Amino acid sequence: MPKPSAPNPAPDRDRAITLALTRWFHASARDLPWRHELRGQRDPYRSLVSEFMLQQTQVSRVLEKFEPFLTRFPTLTALAEAPESEVLAAWSGLGYYRRARLLHACAQAIVRDFHAAVPRDVPSLQQLPGIGRYTAGAIASIVFDQPEPIVDGNVCRVLQRLDAKPGSASQKDVIAWAWQRAESLVKLCSVSPSQREGASRHPEKASDAATPAAFNEGLMELGALVCTPAAPKCHTCPLRDHCAAHAQALVDDIPAPKPRAARARVHHDVALLWRRTASDIEVLLEQRPASGLWASLWQPPAIENAKKLRRTASSLLEALAIDAVPVQETKPRSSAFQTTHREIRFRVWIIEAAKVNPAARRWFPATSLSALAISNAHRALLELLPANSSKPSVQTRRDRATSSSA
DNA sequence: AAAGCGGGGCG
DNA sequence: CGCCCAGCTTT
């Protein structure tokens, strides 16, 4: 029986792409904690949390925080009812802290407007705080298997290479092209009634059918594991035979690198004030403003963007309007920290104070800091406290990889 | 339309 | 050391 001829060759190529990627994903997908299914479906709440954490953040970073967050906030309602300070504390170290506040507000909006059930459609999802076009498409397709496209950095790169589309993912025209391309591909994955009938008569073929969920997640998984920015593993790529960039030897030129602004270098003068108590030491912290860098997080009192070089602890305390008596003057310690947008040189005076008027600041026991919302930059500074000088309590990834688990 | 926002791993 | 990452909101 002759196969009906297609109107043009593109649909055949695209169908082959969706099928090959779906099969590869089912065979090669990593076992990630937010991919665990209950009764054949992803947990919408776990998926929601993972999507927020994964915004501009690598999987390896999210893996360290995901399960502790879910243990602390097991349900959407539990998250919605929690105080924001605890949500920020559980987010501590993940960066982009606005996401934590938006996730919190998102959970509250879902409870209020959708009876505590994550909505299934893109328009409803996209109205929620912190959910843009990508995250709405990801929830709709991956959790609810709807034929909605998604485009992130990974997907844009894969699609550009697939069609040898030049340009950078920072170009609006490239992004717009990628959304069109992703949409036309994912729509080929929606199961038509006749296909569903066929699948029920041939259940052994069911796992072969391309679904929006497997195709979309396959695009991202391929970008993460195979079609990487540098040194892509074309020899193991399931789409190699369909890839225009590979055929034309353009893989290393697509996508074009994204222009990036230079990092600003700034100095912060930090007063790491501590005092002894009967059983512990305490450290003086203040809360940052609710917007901007490290919004609402706790830190030692500091002069930011310090212009002039301060030479004594006393002069810093005076600038900070802290009425304290240093037990002794010490030289500042240097500590550098980088974010994407700036390089911060901390000058840290470690000051044991006999007497302090804390004003708006608060004393915290050193043992309570792990439950507080503090950036990784400032956690590193707190490691300079005398109580921590002999035992490193911030364990690096390298530490964990090389130390035996006792 | 453009800027702002963390943090770390990797080549 | 530069580049990149499962983006979104604000200005």
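Here the structure is a predicted model, which is why all the values come from computation and not from measurement. Chain letters run A, B, ... following the sequence lines, proteins first, then strands; residues in each count from 1.
Computed from coordinates, the A/Ile374 CD1 to B/dG6 P distance equals 15 Å when rounded to whole Å. The separation between A/Leu159 atom CG and C/dA6 atom C1' is 14 Å, rounded to whole Å. If you measure from atom CD of A/Gln338 to atom C1' of C/dC1, you get 8 Å, rounded to the nearest angstrom. Taking atom CZ on A/Arg265 and atom C1' on C/dG2, their separation rounds to 12 Å, with Å as the unit. Rounding to whole angstrom units, CG of residue A/Leu63 and C1' of B/dG8 are separated by 14 Å. The CD-C1' distance, from A/Gln55 to C/dC4, rounds to 17 Å in whole Å. B/dG6 atom P lies 16 Å from atom CZ of A/Phe52, rounded to whole Å. If you measure from atom NZ of A/Lys172 to atom P of B/dA3, you get 12 Å, rounded to the nearest angstrom.
Taking 4.0 angstrom as the limit, A/Arg157 places a side-chain polar atom (N or O) nearer than this to OP1 or OP2 of C/dC5. In this structure, A/Tyr97 reaches the B/dG7 phosphate: one of its side-chain N or O atoms is under 4.0 Å from OP1 or OP2. The phosphate of C/dA6 has OP1 or OP2 within less than 4.0 Å of a side-chain N or O from A/Asn154. Side-chain nitrogen and oxygen atoms of A/Arg99 include none within less than 4.0 Å of the OP1 or OP2 phosphate oxygen of B/dG6. A close approach under 4.0 Å does occur between a side-chain nitrogen or oxygen of A/Gln56 and OP1 or OP2 of C/dG7.
At a cut-off of 3.5 angstrom, the base of B/dG7 holds at least one donor-acceptor pair with the side chain of A/Thr340. Between the side chain of A/Thr57 and the base of B/dG7 there is no donor-acceptor pair of N/O atoms closer than 3.5 Å.
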Which donor-acceptor pairs under 3.5 Å do the side chains of residues 317-334 of chain A make with protein atoms, sequence neighbours left out?
from	atom 1	to	atom 2	distance (Å)
A/Glu329	OE1	A/Ala313	N	3.0
A/Glu329	OE2	A/Ser314	OG	2.3
A/Thr330	OG1	A/Ile350	O	3.3

Report, one line per pair, each donor and acceptor closer than 3.5 Å where one atom sits in a side chain of residues 121-132 of chain A; sequence neighbours left out.
from	atom 1	to	atom 2	distance (Å)
A/Asp121	OD1	A/Ser124	OG	3.0
A/Asp121	OD2	A/Ser124	N	3.1
A/Asp121	OD2	A/Ser124	OG	2.8

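Within 6.0 Å of CZ on A/Arg265 lie no more than 12 heavy atoms contributed by other residues, nucleotides or ligands. The environment of NE2 in A/His36 is crowded: more than 12 heavy-atom neighbours from other residues, nucleotides or ligands sit within 6.0 Å.
Looking at which nucleotide of DNA chain C each of A/Glu217 and A/Glu343 is closest to, the 5′-most match is held by A/Glu343. With DNA chain B read from its 5' end, the first of the two nearest nucleotides for A/Ala230 and A/Thr339 is the one closest to A/Thr339.
For A/Arg99 (side chain) and A/Phe52 (main-chain N/O), a donor-acceptor pair under 3.5 Å exists by modelled atom type.
Spacing of P atoms, B/dG6 relative to C/dT10, comes out at 14 Å, to the nearest Å. Atom P of C/dA6 sits at a distance of 24 Å from the matching atom of B/dG4, rounded to the whole Å.
For A/His341, taking side-chain heavy atoms from C-beta onward, the closest of the listed nucleotides C/dC5, B/dG6, B/dC5 is B/dC5. Of the listed nucleotides (B/dC5, C/dA6, B/dG7), C/dA6 has the atom at the smallest distance from the side chain of A/Arg35. Counting only heavy atoms from C-beta on, A/Asn376 has its side chain closest to B/dG8 among B/dG8, B/dC5, C/dG7.
Counting any heavy atom pair closer than 4.0 Å across all strands shown, A/Arg101 reaches no nucleic acid atom. A/Ser375 comes within 4.0 angstrom of sugar-phosphate atoms only, judged by non-hydrogen atoms across all strands, and of no base. Among the protein residues, A/Gly93 comes within range of the sugar-phosphate backbone only, with heavy atoms under 4.0 Å from sugar or phosphate atoms but none that close to a base. Contacts of A/Trp34 with the nucleic acid, taken as non-hydrogen atoms under 4.0 Å apart, include base atoms.
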Each nucleotide N or O in nucleotides 9-11 of chain C that has a protein N or O under 3.5 Å away: list the pair and distance.
from	atom 1	to	atom 2	distance (Å)
C/dT9	OP1	A/Gly130	N	2.8

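Qualifying salt bridge (charged side-chain N to carboxylate O under 4.0 Å, His left out) partners for A/Arg276, counting only residues two or more places apart in sequence or in other chains: A/Glu352. A/Arg240 meets the salt bridge (charged side-chain N to carboxylate O under 4.0 Å, His left out) test with no other residue; sequence neighbours excluded. Looking at residues two or more places apart in sequence or on another chain, you find a ring-ring contact (aromatic ring centres under 6.0 Å, His included) between A/His378 and A/Trp294, A/Phe346. A/Phe66 pairs by the ring-ring contact (aromatic ring centres under 6.0 Å, His included) definition with A/Trp34, not counting sequence neighbours.
A heavy atom closer than 4.0 Å to some atom of DNA chain B occurs in A/Gly292, A/Leu293, A/Trp294, these being the qualifying members of residues 289-303 of chain A.
Each ring pair (Phe, Tyr, Trp, His ring centres under 6.0 Å) pair with one or both residues in residues 353-376 of chain A, not counting sequence neighbours, appears once here: A/Trp298-A/Phe364.
Here the CZ-CG distance, from A/Arg345 to A/Asp269, works out to 13.5 Å after rounding to the nearest 0.5 Å.
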